[in-house]
Structure formats: C-alpha cells, structure tokens
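Heavy atoms only: backbone and side chains are in, while hydrogens, waters and symmetry mates are out.
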Amino acid sequence: MAPPANNLLISCILFCCLIAVSEAEAQPSFRPKALILPVTKDPSTLQYLTQINQRTPLVPVKLALDLGGQYLWVDCEQGYVSSSYKPAPCGSAQCSLANSKSCTIACLPSPRPGCNNNTCGLMPENTVVTRTSPSGQFGQDVVSIQSTDGSNPGKIVKVPNFLFTCGATFLLDGLAKGVKGMAGLGRNKISMPSRFSAAFSFHRKFAVCLTAGKGAVFFGDGPYVMLPNIDISKSLIFTPLILNKISTASEGEPSSDYFIGVNSIKINNKIVPLNTTLLKINEDGFGGTKISTVQPHTVLDTSIHKAVIATFAKELSGVPRVAGVRPFELCYNSTAIGSTRVGPAVPQIDLVLQSSNVHWRIFGANSMVQVKNDVICLGFVDGGVNPRTSIVIGGTAIVIGGHQVEDNLLQFDLAASRLGFSSSLLSRQTTCSNFNFTSTA
C-alpha cells in the first residue's frame with residue numbers, strides 16, 4: 001500500500017492532468033484556417049482511401065474518397081457504438097439542409113444508430129459499383145481531424161455534430177478491405193467540405209492532391225506547400241466549374257459532381273476530330289466532362305475514345321505497338337519509349353478549356369499506364385457507345401479518372417464556382433506525396 005504522502009501526490013497529479021485535458025478539449029480561441037486528411041491508394045482496387053476519427057469514444061474509420069459524393073456515409077450496421085450519436089428528427093433544420101424526402105416513423109426492435117424513430121433519411125450510394133441503399137438514416141456525431149497551416153500538420157480539432165448518413169453493410173461490397181464508408185466531397189450543402197467550412201467559418205474551398213503514395217485533401221484555402229517549400233496555390237490555372245442541373249443520384253436536384261468545360265482535345269497540338277456536341281451538357285443532363293476519384297482511369301464515350309486513340313497512335317507511329325491489355329486498347333513496347341521528368345516521352349494531351357490558351361496538359365506520367373515490365377498503355381478507357389445509356393460513365397462524355405489527376409493539385413472553389421489546377425507537379429520537381437506530414441506546426 002502506498003504511503004499517504006504518495007497518495008496525495010498521485011491525487012494532485014491526476015487532478016492536474018484532468019484540468020489539462022479539459023482545457024485542451026475546450027479551446028474556443030483556436031479556430032483552424034484549414035484542415036488536412038492524408039490519402040493513400042489501395043494497390044488492389046486502385047481506390048483512394050482516407051481515414052477520419054469519429055464517435056465517442058473516437059474510433060478510426062477508413063473511407064473511400066468520392067470527389068462527387070453527396071456526403072459522408074458510414075456503415076452503422078456493424079459495430080457502430082457511440083454515446084454522442086444523434087439522429088436527425090424529421091422536419092428538423094438538418095433534414096431541411098439535406099433536402100430529405102423520407103421519414104422513418106418507427107424502427108424496430110429498438111433504437112440504435114441508423115435505426116431510430118421519427119428520423120429523416122437519404123439514399124447512400126456506393127459509387128464504385130453504382131449500388132444504392134433504399135434508405136439510410138441521417139444523423140450527426142463527433143468527428144476529429146487535423147488542422148494545418150498549409151505547410152505542416154497542426155492541432156487536432158473536433159466537430160461535435162458532424163452530419164453524415166448511416167449506410168447498410170452490403171454497400172461496402174466492392175470497396176477496399178477495411179473500408180467502412182465513403183467520404184463525399186461533392187457540390188452541395190452537406191458534403192464534407194461544406195460541413196467543415198461551416199463548422200470553422202473558413203473559405204468554401206478544398207484541394208485534392210492524389211498520388212500513388214501518400215497524398216492529401218486540404219479543406220480550406222491555401223497555401224498548399226510541398227517539399228522543397230513550393231506553394232502550389234501560387235501558380236494555379238483557373239477554369240469555371242459548370243453546374244449540371246440534373247443529378248443521376250437524386251431526382252429533382254442538381255448533380256454534386258464537378259464538371260468543367262472541355263471545348264476540344266489536342267494531341268501534340270493537333271486537334272482531335274470529334275463530335276463536340278458531346279462535350280456540352282444537354283437539357284437532360286447528359287454529356288460534358290467531370291472529374292472523378294472513383295474511376296481509376298479516364299473514361300470516354302466510344303466515339304471520343306476512337307478519335308483519341310487514332311490521333312495518339314498517329315503521333316506515336318514510330319514506336320512498336322503490342323496487343324492491348326484490358327481495359328486498355330492502345331499499348332506499346334515500353335523499352336522503345338524514352339523517359340522524361342514528366343514521365344514517358346509520349347505525345348502530350350491537352351484538354352482545351354474556356355479559350356485556346358487555357359488548357360489542362362496531360363504528360364506521359366498521367367496519360368500512360370505501365371501494365372507489364374515491358375508494356376505500357378494509353379490509360380483511357382472506352383465507356384460505351386452512347387453516354388445517355390452508359391452505366392460506366394452515367395451519361396457523361398468524359399470522366400477524368402484518378403490516374404490522370406495524380407500529382408496534379410486541384411482546388412475546388414465552391415463560392416466562386418471555379419477549379420484551380422496545377423498540371424503535373426513533376427515539372428516543378430515535386431509531387432503530391434511531398435507534403436510534410438512528419439512535422440507539426
């Protein structure tokens with residue numbers, strides 16, 4: 001048994017520790033200017049994954065990143081235990097914000113996260129395999145995330161009532177091992193960027209910097225500094241974000257996907273002959289160009305794909321072709337292709353935007369995929385004959401996939417409705433894996 005003096009000392013230490021903890025948890029003076037989530041790439045599924053801490057007590061929750069996803073959804077059927085979970089009552093401000101059209105009157109046998117009486121619902125979707133749950137209750141819980149000054153990670157901050165939707169376990173089919181939901185970054189009021197900016201009153205901006213290694217999502221404005229001390233936010237090119245008024249996920253609402261206006265495609269500065277009407281979003285919401293993190297490679301309408309393949313092959317006619325490797329059609333003997341700072345020495349592809357002098361340039365590191373030791377393929381996939389009926393691309397003529405945006409920083413400015421993009425960071429001798437996660441501000 002410890003002597004009385006020791007007991008008194010232990011009591012004092014514990015008391016002081018409790019005071020310190022409570023003060024650390026209640027820091028009203030600290031308001032972060034930006035937040036950061038690390039992002040990794042799963043090698044087997046090619047999905048981009050991140051992790052948040054949620055619930056009370058906090059639990060790490062691995063999520064698949066969905067750039068156009070409407071909101072955060074998490075499997076609540078398996079092991080969701082939290083003392084701070086709150087369902088969103090039907091008719092509440094939260095349900096109105098989410099534009100929920102459903103209400104669960106009674107849930108049996110007993111209330112639990114994802115099954116509560118008088119709670120509004122949404123329809124969570126696994127966009128990797130286009131699978132939707134007919135219902136998922138809307139609620140809120142604690143989420144913690146790391147702050148940043150744009151150069152280094154900072155203090156951990158908490159959002160006590162972060163809105164999300166409970167999903168069913170079957171929605172996890174097709175997602176990477178260990179994933180428990182999807183992190184929706186889409187263009188609406190209940191997506192993760194919107195909720196973080198509302199919680200901390202910072203700019204309605206976020207940036208995505210994906211890579212094959214460890215990339216990042218920044219919530220809030222720049223700087224976005226990569227080693228060796230390069231602020232990517234200072235050299236972005238801007239193009240308008242285009243609102244698609246027709247959503248494939250929620251009837252009667254605009255799409256939460258991010259569309260940009262591609263007016264033409266050039267390869268080695270030569271215009272690709274294609275049906276430009278497909279590049280415009282029509283009155284039914286079909287056509288146009290969107291950016292996706294759930295498609296591993298860029299997907300094109302069949303007619304556009306054929307034109308791109310033909311033009312690219314013509315510009316690289318001096319290199320021996322080999323048989324295609326699914327899902328790619330145009331492949332080459334990689335030993336016959338040289339290497340540059342920005343990847344394989346192949347024709348550059350330009351997505352021409354609002355004017356002839358504004359373009360998103362795709363170099364070899366982003367256009368080509370190494371599929372075997374000696375085989376390299378153009379990483380563009382045929383999405384179907386008609387974008388109106390294509391299940392793969394959901395009616396969109398061009399879906400810019402994950403591989404094509406790796407080591408490109410993309411800033412989404414929701415307030416100004418514009419996209420800032422860097423083109424390849426390799427040309428500046430840095431990558432999206434060069435954020436200094438190891439040092440704290």
S.K.: Let me know which of Thr119, Asn116, Asn161 forms a side-chain hydrogen bond (donor to acceptor under 3.5 Å, both in side chains) with Lys86.
M.R.: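 Passing option: Asn161.
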S.K.: Can you confirm whether the side chains of Ser424 and Arg341 place a donor and an acceptor under 3.5 Å from each other?
M.R.: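 Checked: Ser424/Arg341 side chains show no N/O donor-acceptor pair below 3.5 Å.
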S.K.: Is any NZ, NE, NH1 or NH2 atom of the basic residue among Lys180 and Asp75 found under 4.0 Å from an Asp or Glu carboxylate oxygen of the other?
M.R.: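 The answer is no: the pair does not qualify as a salt bridge.
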S.K.: Can you tell me how far apart CZ (Phe196) and CZ (Arg204) are? Round to the nearest 0.5 Å.
M.R.: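 Answer for the CZ-CZ pair, Phe196 versus Arg204, is 15.0 Å.
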S.K.: Between Glu125 and Thr127, is any side-chain donor less than 3.5 angstrom from a side-chain acceptor?
M.R.: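 Side-chain D/A pair, Glu125 to Thr127: absent.
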S.K.: Using a distance-only test with no angle check, is there a side-chain donor-acceptor pair under 3.5 angstrom linking Lys280 and Asn263?
M.R.: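 Yes, side-chain donor-acceptor contact under 3.5 Å.
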S.K.: Please list all pairs meeting disulfide (SG to SG under 2.5 Å) that have one or both residues in residues 253-360, counting only residues at least two apart or in different chains.
M.R.: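 Residue pairs passing disulfide (SG to SG under 2.5 Å), neighbours aside: Cys331-Cys377.
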S.K.: Which heavy-atom pair separates Gln404 from Gly379 by the least distance, and what is that distance?
M.R.: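 Smallest interatomic distance, heavy atoms only, reads NE2-O, 3.2 Å.
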S.K.: Arg55 vs Asp141, test: salt bridge (Lys or Arg N to Asp or Glu O under 4.0 Å). Steps then yes/no.
M.R.: CA-CA 6 Å; Arg55 312 171 198 178; Asp141 210 336; 5.6 Å; no
S.K.: Going by ring pair (Phe, Tyr, Trp, His ring centres under 6.0 Å), name the residues that satisfy it together with Phe435, two or more places apart in sequence or in a different chain.
M.R.: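 Here the qualifying residues are Phe218, Phe437.
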S.K.: With a 4.5 Å limit on heavy-atom distance, are the side chains of Ser191 and Leu185 in contact?
M.R.: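 A side-chain contact is absent here, since even the closest heavy-atom pair is not under 4.5 Å.
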S.K.: Scan side-chain atoms only and decide if Ser256 and Gln70 contain a donor-acceptor pair under the 3.5 Å cut-off.
M.R.: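 Side-chain D/A pair, Ser256 to Gln70: absent.
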S.K.: Kindly indicate whether the side chain of Val59, heavy atoms from C-beta on, has any atom under 4.5 Å from the side chain of Gln54.
M.R.: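 The answer is no, as the side chains (C-beta and beyond) never meet within the 4.5 Å cut-off.
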S.K.: Do you know which two heavy atoms are closest between Val322 and Asn333, and how far apart they sit?
M.R.: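 Shortest heavy-atom separation between Val322 and Asn333 comes out as CG1-N, 4.0 Å.
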S.K.: Using modelled atom types only, decide if a donor and an acceptor are shared between the side chain of Thr148 and the backbone of Asn152 within a distance under 3.5 Å.
M.R.: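 Yes; at least one donor-acceptor contact below 3.5 Å.
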S.K.: Any non-hydrogen side-chain atom of His203 less than 4.5 Å from a side-chain atom of Asp413?
M.R.: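 No, too far: nothing below the 4.5 Å cut-off.
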S.K.: Do the ring planes of Tyr85 and Phe164 sit parallel (below 30°), tilted (30 to 60°) or perpendicular (above 60°)?
M.R.: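 Ring orientation, 0 to 90° scale: perpendicular.
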S.K.: Kindly write out the residues that satisfy ring pair (Phe, Tyr, Trp, His ring centres under 6.0 Å) with His297, not counting sequence neighbours, or none if the list is empty.
M.R.: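 Partners of His297 under the ring pair (Phe, Tyr, Trp, His ring centres under 6.0 Å) test: Phe328, His403.
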S.K.: Using the test side-chain contact (heavy atoms from CB on, under 4.5 Å), find all partners of Ser422 that sit at least two apart in sequence or belong to another chain.
M.R.: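 For Ser422, the residues satisfying side-chain contact (heavy atoms from CB on, under 4.5 Å) (neighbours in sequence not counted) are Ile232, Leu236, Asn408, Leu409, Leu425, Arg428.
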S.K.: Looking at every non-hydrogen atom in both residues, tell me the closest pair between Asp382 and Asp301 and how far apart they are.
M.R.: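 Scanning both residues completely, I find the closest heavy atoms to be OD1-C, 4.5 Å.
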S.K.: Report yes if the side chains of Leu163 and Phe138 come closer than 4.5 Å at any heavy-atom pair, otherwise no.
M.R.: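 Yes, at least one pair of side-chain atoms sits under 4.5 Å.
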S.K.: How long is the span from the CZ atom in Phe259 to the CG atom in Asn244, to the nearest 0.5 Å?
M.R.: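 Taking CZ in Phe259 and CG in Asn244, the distance rounds to 4.0 Å.
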S.K.: Applying ring pair (Phe, Tyr, Trp, His ring centres under 6.0 Å), which residue pairs with at least one partner in residues 332-353 are found, sequence neighbours left out?
M.R.: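 Non-adjacent pairs meeting ring pair (Phe, Tyr, Trp, His ring centres under 6.0 Å): zero.
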S.K.: Does the SG-to-SG distance between Cys103 and Cys90 fall under 2.5 Å?
M.R.: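 Yes, the SG atoms sit under 2.5 Å apart.
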S.K.: For residues 353-364, which side-chain donor-acceptor pairs fall under 3.5 Å, sequence neighbours excluded?
M.R.:
residue: Gln354; atom: OE1; partner: Thr239; partner atom: OG1; Å: 2.7
residue: Gln354; atom: NE2; partner: Phe238; partner atom: O; Å: 3.1
residue: Ser355; atom: OG; partner: Asn357; partner atom: OD1; Å: 2.5
residue: His359; atom: NE2; partner: Arg361; partner atom: NH2; Å: 3.4
residue: Arg361; atom: NE; partner: Asp350; partner atom: OD1; Å: 2.8
residue: Arg361; atom: NH2; partner: Asp350; partner atom: OD2; Å: 2.9

S.K.: Hey, what do you get for Cys76 versus Cys166: SG atoms under 2.5 Å apart or not?
M.R.: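 Looking at Cys166 and Cys76, their sulfur gamma atoms lie closer than 2.5 Å, so the answer is yes.
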S.K.: After noting the C-alpha distance and the side-chain angles of Val157 and Ile145, does the key distance pass the side chain to side chain contact (heavy atoms under 4.5 Å, CB included) rule?
M.R.: CA-CA 6 Å; Val157 294; Ile145 185 172; 3.9 Å; yes
S.K.: So which heavy atom on Met192 is nearest to which on Ala183, and how close?
M.R.: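 Distance-wise, the nearest heavy atoms are SD-CB, 3.5 Å.
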S.K.: Could you tell me whether a side-chain N or O of Ser292 sits under 3.5 Å from a main-chain N or O of Gln295, the two making a donor and an acceptor?
M.R.: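 Yes; at least one donor-acceptor contact below 3.5 Å.
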S.K.: Are any side-chain N or O atoms of Thr298 and backbone N or O atoms of Gly401, one a donor and one an acceptor, separated by less than 3.5 Å?
M.R.: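 Side chain of Thr298 to backbone of Gly401: a pair is present.
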S.K.: Return yes if some donor-acceptor pair links the side-chain N/O of Asn282 with the main-chain N/O of Asp284 below 3.5 Å, else return no.
M.R.: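 Here the side-chain-to-backbone pair exists.
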S.K.: Should the SG of Cys209 and the SG of Cys432 be checked, would they turn out to be under 2.5 Å apart?
M.R.: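 Between Cys432 and Cys209 there is a disulfide, given that their SG atoms are under 2.5 Å apart.
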S.K.: Check this for me: Ile271, atom CD1, are more than 12 non-hydrogen atoms of other residues, nucleotides or ligands nearer than 6.0 Å?
M.R.: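 No, because the 6.0 Å sphere around CD1 of Ile271 holds 12 heavy atoms or fewer from other groups.
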S.K.: If you round to the nearest 0.5 Å, how far is CG of Leu414 from CZ of Arg187?
M.R.: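 Separation between the atoms: 7.5 Å.
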S.K.: Which distance, rounded to the nearest 0.5 Å, do you find between the CG of Leu316 and the CD1 of Ile337?
M.R.: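 One finds 5.5 Å between CG of Leu316 and CD1 of Ile337.
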S.K.: Does any N or O in the side chain of Ser100 come within less than 3.5 Å of the main-chain N or O of Gly121, such that one atom is a donor and the other an acceptor?
M.R.: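 Side chain of Ser100 to backbone of Gly121, a donor-acceptor pair under 3.5 Å: yes, one is there.
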S.K.: Side chain to side chain contact (heavy atoms under 4.5 Å, CB included), that's the test. Do Ile349 and Leu378 meet it? Break it down for me.
M.R.: CA-CA 11 Å; Ile349 301 172; Leu378 183 64; 4.1 Å; yes
S.K.: Test your reading of the model: is there a side-chain donor-acceptor pair from Thr430 to the backbone of Met226, 3.5 Å cut-off?
M.R.: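 No: the side chain of Thr430 does not pair with the backbone of Met226.
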S.K.: Provide the closest heavy-atom pair for Pro32 versus Ser147 in the form atom of the first, atom of the second, distance.
M.R.: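 Of all heavy-atom pairs spanning Pro32 and Ser147, the closest is CB-CB, 3.7 Å.
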S.K.: Examine distances only and state if a side-chain atom of Thr302 and a backbone atom of Gly384 form a donor-acceptor pair shorter than 3.5 Å.
M.R.: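 Indeed, once roles are kept as given, a pair shorter than 3.5 Å links the two residues.
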S.K.: Kindly indicate, with the supporting measurements, whether the criterion side chain to side chain contact (heavy atoms under 4.5 Å, CB included) is fulfilled by Ile291 and Leu67.
M.R.: CA-CA 8 Å; Ile291 308 169; Leu67 178 64; 3.7 Å; yes
S.K.: Do the side chain of Tyr258 and the main chain of Gly186 share a donor and acceptor less than 3.5 angstrom apart?
M.R.: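 A pair under 3.5 Å: yes.
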S.K.: Between atom CG of Asn275 and atom OG of Ser303, what is the distance when rounded to the nearest 0.5 Å?
M.R.: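 Output value for this atom pair is 6.0 Å.
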S.K.: How about His305 and Glu329: do any of their side-chain heavy atoms sit closer than 4.5 Å?
M.R.: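 Answer yes - side chains close enough.
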S.K.: Go through it in stages, so that I can follow the logic: the residues are Cys120 and Gln94, the test is side chain to side chain contact (heavy atoms under 4.5 Å, CB included), and I'd like the CA-CA distance, side-chain angles, deciding distance and then a yes or no.
M.R.: CA-CA 9 Å; Cys120 66; Gln94 297 98 317; 6.0 Å; no
S.K.: At what distance, to the nearest 0.5 angstrom, does CD1 of Ile400 lie from CG of Leu351?
M.R.: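 Going from CD1 on Ile400 over to CG on Leu351, the span is 5.0 Å.
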S.K.: If we ignore hydrogens and angles and just use 3.5 Å, is the side chain of Thr396 paired with the main-chain N or O of Ile398 as donor and acceptor?
M.R.: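 No, Thr396 side chain to Ile398 backbone: no donor-acceptor pair under 3.5 Å.
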S.K.: Hey, does the side chain of Ser334 reach the backbone of Asp374 with a donor-acceptor pair shorter than 3.5 angstrom?
M.R.: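 Looks like yes, one N/O pair under 3.5 Å.
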S.K.: Under the 6.0 Å and 45° cation-pi test, does Arg195 pair with Phe162?
M.R.: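 The answer is no; the distance or angle limit is not met.
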